[in-house]
Amino acid sequence: MATAAQWIEGARPRTLPNAIAPVLAGTGAAAALDGFVWWKAVLALLVSLALIVGVNFANDYSDGIRGTDDERVGPLRLVGSKLASPAAVKNAAIGSLALGAVLGLVLAATTAWWLLLVGVACLAGAWFYTGGSKPYGYSGFGEIAVFVFFGLIAVLGTEFVQAERVDWVGLVLAVGVGAFSSAVLVANNLRDIPTDTESGKTTLAVKLGDPRTRTLHLVLLAVPFVATLALVAATPFALVGLLAAPLAVRANAPVRGGRLGMELIPALRDSGLALLAWSALTALALAFG
């Protein structure tokens, strides 16, 4: 039976910046419109955290029962390592996603009911990433989904529930956050090319191959800093986002250095930290600039 520490590791805490950053960015965009609402920002954060933990457990369950995680070089997976039963991990996924759905219902009820449709799309995206008979994560669409759900929808949704509108600043932030979030997944899938190929999981990294996947990681890490230059039109203080550049350079170091397997774990960690730093710095610049 898995310990509490192993359940926490199974929730993949290294991915939490992907949930926190879009809420920070969206809140900064809302504040720039004088639309900051603290309790809606907190609810949006809880929704985002519940969804990412839910999707992580759902992936653990689905990959585990398919045998994809039988031979891993990365962090712990509960089902694949047989530390927890598939049913227990599935229930953890459903519970987390249900919590996110309930909290999202509160946001929809206090903002706009059509947000329920967005919520349904998010839940479906979370489950069918690796679940169902034809998971889209096994067909190379994972990075696109991350860009859409943890970039465009999460950032613009956070801005909308507070300011009740979105603008170009929010869109630019959403592109930057989405690129960073996709970079985290690219680093993860780069590490897993050998095992994913063997198990029949055709990720984008498997399709592109090792060299082009490494180039894609670099490009995705560069996009947010191009976004920073665009945000100068809103406030010159947006340049503070460039302070996150050293973290992005460090995140790409193992990738451009040709590292493999577990040696790529720092690329995941530092891509997430760069995402969090860039989002926080840029949000503060927009809120107070």
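The figures here come from the full heavy-atom set of this structure, side chains too, leaving out hydrogens, waters and symmetry mates.
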TODO: Check the surroundings of atom CZ in Arg269: do more than 12 heavy atoms from other residues, nucleotides or ligands lie under 6.0 Å from it?
DONE: yes
Task: Heavy atoms of other groups near Phe237 CZ, more than 12 under 6.0 Å - done: no
TODO: Please report the C-alpha distance between Cys122 and Ile153 in whole Å, then the side-chain angles of each, then the deciding distance to 0.1 Å, and finally whether the side chain to side chain contact (heavy atoms under 4.5 Å, CB included) criterion is met.
DONE: CA-CA 9 Å; Cys122 290; Ile153 291 178; 3.9 Å; yes
TODO: Enter the distance from Leu275:CG to Ser182:OG here, rounded to the nearest 0.5 Å.
DONE: 10.0 Å
- [ ] For Thr110 and Val106, work out which heavy atoms get closest and say how close.
- [x] OG1-O, 2.9 Å
Open item on the list: Under the side chain to side chain contact (heavy atoms under 4.5 Å, CB included) test against Val47, which residue among Leu103, Thr158, Val102, Leu105 passes?
Closed with: Leu103
Open item on the list: Side chains of Val177 and Phe150, heavy atoms from C-beta outward: is any pair under 4.5 Å?
Closed with: no
Task: Cluster overlap Leu171 with Val166, hydrophobic side-chain contacts below 4.5 Å - done: yes
TODO: Treating Ile, Leu, Val, Met, Phe, Trp and Tyr as nodes and any side-chain heavy-atom pair under 4.5 angstrom as an edge, say whether Leu45 and Leu286 lie in one connected cluster.
DONE: no
Task: Between OG1 on residue Thr213 and CG on residue Leu190, distance to nearest 0.5 Å - done: 6.0 Å
Open item on the list: For the backbone of Ala108 and the side chain of Thr111, can you confirm whether one donor and one acceptor N or O come within less than 3.5 Å of each other?
Closed with: no
Task: Closest approach of Gly137 to Thr203 (non-hydrogen atoms, all atoms of both residues) - done: O-CG2, 4.0 Å
Task: Close side-chain approach of Val120 to Leu117, heavy-atom, < 4.5 Å - done: no
Open item on the list: Using only atom types and a distance under 3.5 Å, with no angle test, would you say the side chain of Asp60 pairs donor to acceptor with the backbone of Asn56?
Closed with: no
Task: Atom pair CG (Leu116) and CG (Leu107), whose distance is rounded to the nearest 0.5 Å - done: 10.5 Å
TODO: Consider only side-chain heavy atoms of I, L, V, M, F, W and Y, link residues closer than 4.5 Å, and tell whether Leu229 and Val219 are in one cluster.
DONE: no
- [ ] Mark yes or no: Arg77 above the aromatic ring of Tyr61, with NZ or CZ under 6.0 Å from the six-membered ring centre and no more than 45 degrees from the axis.
- [x] no
- [ ] Check step by step if side chain to side chain contact (heavy atoms under 4.5 Å, CB included) holds for Leu51 and Leu123.
- [x] CA-CA 8 Å; Leu51 289 180; Leu123 292 173; 3.8 Å; yes
Open item on the list: Can you confirm whether Thr195 sits close enough to Asp192 that some side-chain heavy atom of one is under 4.5 Å from a side-chain heavy atom of the other?
Closed with: yes
Open item on the list: Looking at Ala19, is its backbone amide N or carbonyl O close enough to the side chain of Ser48 to form a donor-acceptor pair, meaning the two atoms are under 3.5 Å apart?
Closed with: yes
Open item on the list: Testing the basics here: between Ser62 and Ile65, what is the closest heavy-atom pair and its distance to 0.1 Å?
Closed with: O-CG1, 3.3 Å
TODO: Give a yes or no answer on whether the side chain of Arg191 reaches the backbone of Glu263 with a donor-acceptor pair at less than 3.5 Å.
DONE: no
Task: Sub-4.5 Å side-chain heavy-atom contact between Phe180 and Leu220 - done: no
Task: Short side-chain donor-acceptor distance under 3.5 Å, Asp63 and Tyr129 - done: no
Task: Check: Thr27 and Val37 side chains under 4.5 Å, non-hydrogen atoms - done: no
Task: Backbone of Val255 reached by a side-chain donor or acceptor of Asn252 within 3.5 Å - done: no
Open item on the list: With a 3.5 Å distance limit and no angle check, can you tell me whether Thr15 reaches the backbone of Arg12 through a side-chain donor-acceptor pair?
Closed with: yes
Task: Distance in Å, Leu231 CG paired with Leu173 CG, rounded so as to fall on 0.5 Å steps - done: 5.0 Å
TODO: Mark yes or no for whether Ser199, through its side chain, and Asp196, through its backbone, hold a donor-acceptor pair below 3.5 Å.
DONE: yes
Task: Ile20 with Phe36, same ILVMFWY side-chain cluster at under 4.5 Å - done: yes
TODO: Report yes if the side chains of Leu204 and Arg212 come closer than 4.5 Å at any heavy-atom pair, otherwise no.
DONE: no
- [ ] Look up atom OG in Ser85 and atom NZ in Lys90, then write down how far apart they are to the nearest 0.5 Å.
- [x] 11.0 Å
Task: Donor-acceptor contact below 3.5 Å, side chain Arg259 vs main chain Leu264 - done: no
Task: Side chains of Asp167 and Leu33 in contact at under 4.5 Å (non-hydrogen atoms) - done: yes
Task: Distance (rounded to the nearest 0.5 Å) between Leu83 CG and Thr3 OG1 - done: 8.0 Å
TODO: Looking only at non-hydrogen atoms, find the nearest pair between Ile8 and Pro13 and report the distance.
DONE: O-CD, 3.2 Å
Open item on the list: Walk me through whether Asp270 and Arg250 qualify under salt bridge (Lys or Arg N to Asp or Glu O under 4.0 Å).
Closed with: CA-CA 7 Å; Asp270 293 338; Arg250 190 173 76 178; 3.2 Å; yes
- [ ] Can you see which heavy atom on Ala251 is nearest to which on Ser271, and at what distance?
- [x] CB-N, 3.4 Å
Task: Over all atoms of both residues, closest heavy-atom pair of Gly258 and Arg214 - done: CA-NH1, 3.5 Å
- [ ] Verify the cluster assignment for Leu78 and Leu97: are they in a single hydrophobic cluster under the rule of side-chain heavy atoms below 4.5 Å apart?
- [x] yes
Task: Over-ring placement of Lys201 relative to Tyr136, 6.0 Å and 45° cut-offs - done: no
Task: Pair Phe160 + Trp114: ring centers closer than 6.0 Å - done: yes
TODO: Could you tell me whether the side chains of Trp278 and Thr228 share a donor-acceptor contact shorter than 3.5 Å?
DONE: yes
Task: Main-chain N/O of Gln162 paired to Lys40 side chain as donor or acceptor, under 3.5 Å - done: no
Open item on the list: Looking at Ser181 and Val146, would you say the former's side chain and the latter's main chain have a donor-acceptor pair under 3.5 Å?
Closed with: no
TODO: State whether the number of non-hydrogen atoms from other residues, nucleotides or ligands found under 6.0 Å of Trp113 atom CH2 is greater than 12.
DONE: yes
Task: Within-4.5 Å side-chain heavy-atom neighbours: Val53 and Phe57 - done: yes
